[in-house]
Asker: 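Right, I'll just put the structure down here and ask away after.
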Amino acid sequence: MCRFLVNILLVLCFALPSWGKYAGLAYVGEVEWNKRDKTSFMLQCDTTATDTVWSLKLQGFVTTGYMLLIKTSDGKVLELEPYDLKTTHVTDSVGHSPVTGEIMEFYHYEHVLYYHITTTALNYIAEHGISKLRCGYDNLYRDKEFRRNEFGIELNEAYKKILERMSPDYVPPKKPSIRDGF
């Protein structure tokens, strides 16, 4: 009987770090600052055997050093500073110069910013909602106001989805196979 319990505990100890792979990312939503500038938000959870770190990932209208201010419906402000920036060179098209005939590359850079966010802050946002977002620095920033807490609801759904994936009872959905329904 003792050997059986020890085996179960060993399996659990080795399985805990692997449960984190099911957590990964959850899409929160897209914020349209104006007609041409959009930023997509992802909630990310990195787990190890001893620690869980939550991050908000911003992609789109962002650049180095952009702070993120989140105002809840009761007037409290959560101030997040980025801890990581990743820049990707994206090729839009390749063409020939009409004058010299040389190959020209048309490109832009995509930036991704990562912000740490605590579970306490996520629970507070779930309870009180988000009324306003501000992203930028000093005197260069963009505001987005929410009348019905749309962004807070999406963030809360992403948070719950990741928590569900991290639970020990979670069974990943079966991926469709070529043989299904044949």
Asker: Only one of Leu133, Asp37, Leu58 clears side-chain contact (heavy atoms from CB on, under 4.5 Å) with Val31; which?
Answerer: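 That would be Leu133.
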Asker: Which atom pair, heavy atoms only, marks the closest approach of Val77 to Lys71?
Answerer: CG2-CG, 4.3 Å
Asker: Ile125 and Leu78: side-chain contact (heavy atoms from CB on, under 4.5 Å), yes or no, with the steps?
Answerer: CA-CA 10 Å; Ile125 288 170; Leu78 175 64; 4.1 Å; yes
Asker: Kindly compute the distance separating CZ (Phe41) from CG (Leu113), expressed to the nearest 0.5 Å.
Answerer: 10.0 Å
Asker: Could you pull out the closest heavy-atom pair between Tyr66 and Leu140, with the gap in Å?
Answerer: OH-CD2, 4.2 Å
Asker: Apply the hydrophobic cluster definition, ILVMFWY joined by side-chain contacts under 4.5 Å directly or through others, and give me every member besides Tyr83.
Answerer: Val112, Tyr114
Asker: How many angstroms lie between CZ in Phe146 and CD1 in Ile153, if you round to the nearest 0.5 Å?
Answerer: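 Between Phe146 CZ and Ile153 CD1, I get 11.0 Å after rounding to 0.5 Å.
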Asker: Using the side-chain contact (heavy atoms from CB on, under 4.5 Å) rule, take Trp54 and Ile162 through it: C-alpha gap first, then chi angles, then the decisive distance, then the call.
Answerer: CA-CA 10 Å; Trp54 293 90; Ile162 291 177; 3.4 Å; yes
Asker: Apply side-chain contact (heavy atoms from CB on, under 4.5 Å) to residues Tyr109 and His89 and explain how you reach the verdict.
Answerer: CA-CA 5 Å; Tyr109 290 103; His89 176 97; 3.6 Å; yes
Asker: Considering non-hydrogen atoms only, spot the tightest contact between Tyr170 and Pro173 and give its length.
Answerer: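 Heavy atoms only, the tightest pair is OH-CD, 3.3 Å.
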Asker: Do you know the tightest heavy-atom contact between Asp92 and Tyr107?
Answerer: OD2-C, 3.6 Å
Asker: Give me the atom names and distance for the closest heavy-atom approach of Tyr27 to Ser40.
Answerer: CE1-CB, 4.3 Å
Asker: Between the side chains of Ser73 and His128, does any donor sit under 3.5 Å from an acceptor?
Answerer: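 No, His128 and Ser73 have no side-chain donor paired with an acceptor closer than 3.5 Å.
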Asker: CD/Gln59 to NE2/His111 distance, rounded to the nearest 0.5 angstrom?
Answerer: 11.0 Å
Asker: Would you find more than 12 non-hydrogen atoms of other residues, nucleotides or ligands less than 6.0 Å from His108 atom NE2?
Answerer: yes
Asker: Find out whether Leu69 and Glu79 are in side-chain contact, i.e. whether some heavy atom of one side chain is under 4.5 Å from a heavy atom of the other.
Answerer: yes
Asker: Is there a donor-acceptor pair under 3.5 Å between the side chain of Ser55 and the backbone N or O of Lys57?
Answerer: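 Between the backbone of Lys57 and the side chain of Ser55 there is no qualifying donor-acceptor contact (under 3.5 Å).
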Asker: Which is it for His96 and Ile103 under the side-chain contact (heavy atoms from CB on, under 4.5 Å) test, yes or no, and what are the steps along the way?
Answerer: CA-CA 5 Å; His96 293 280; Ile103 294 177; 3.7 Å; yes
Asker: What closest approach, in Å, do Arg148 and Glu150 show between heavy atoms, and which atom pair accounts for it?
Answerer: N-OE2, 2.8 Å
Asker: Could you state the interatomic distance from CD1 (Ile70) to CG (Leu155), rounded to the nearest 0.5 Å?
Answerer: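 These two atoms lie 7.0 Å from each other.
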Asker: Are side-chain N/O atoms of Asp74 and Thr72 paired as donor and acceptor at under 3.5 Å?
Answerer: yes
Asker: Donor-acceptor pair, distance only, cut-off 3.5 Å: does the side chain of Asn156 make one with the backbone of Gly152?
Answerer: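 No, the answer is negative, given that no donor and acceptor are paired below the 3.5 Å cut-off.
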Asker: Check whether any side-chain N or O of Asp180 sits under 3.5 Å from a backbone N or O of Ser177 as a donor-acceptor pair, and report yes or no.
Answerer: yes
Asker: Do the side chain of Thr39 and the main chain of Gly60 share a donor and acceptor less than 3.5 angstrom apart?
Answerer: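 Answer holds: no.
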Asker: Linking Ile, Leu, Val, Met, Phe, Trp and Tyr through side-chain heavy atoms less than 4.5 Å apart, which residues share a cluster with Phe106?
Answerer: Met104
Asker: Can you tell me how far CG of Leu122 sits from CD1 of Ile117, rounded to the nearest 0.5 angstrom?
Answerer: 4.5 Å
Asker: Measuring from His116:NE2 to Leu56:CG, what's the distance to the nearest 0.5 Å?
Answerer: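 Rounded to the nearest 0.5 Å, the NE2-CG separation comes to 11.5 Å.
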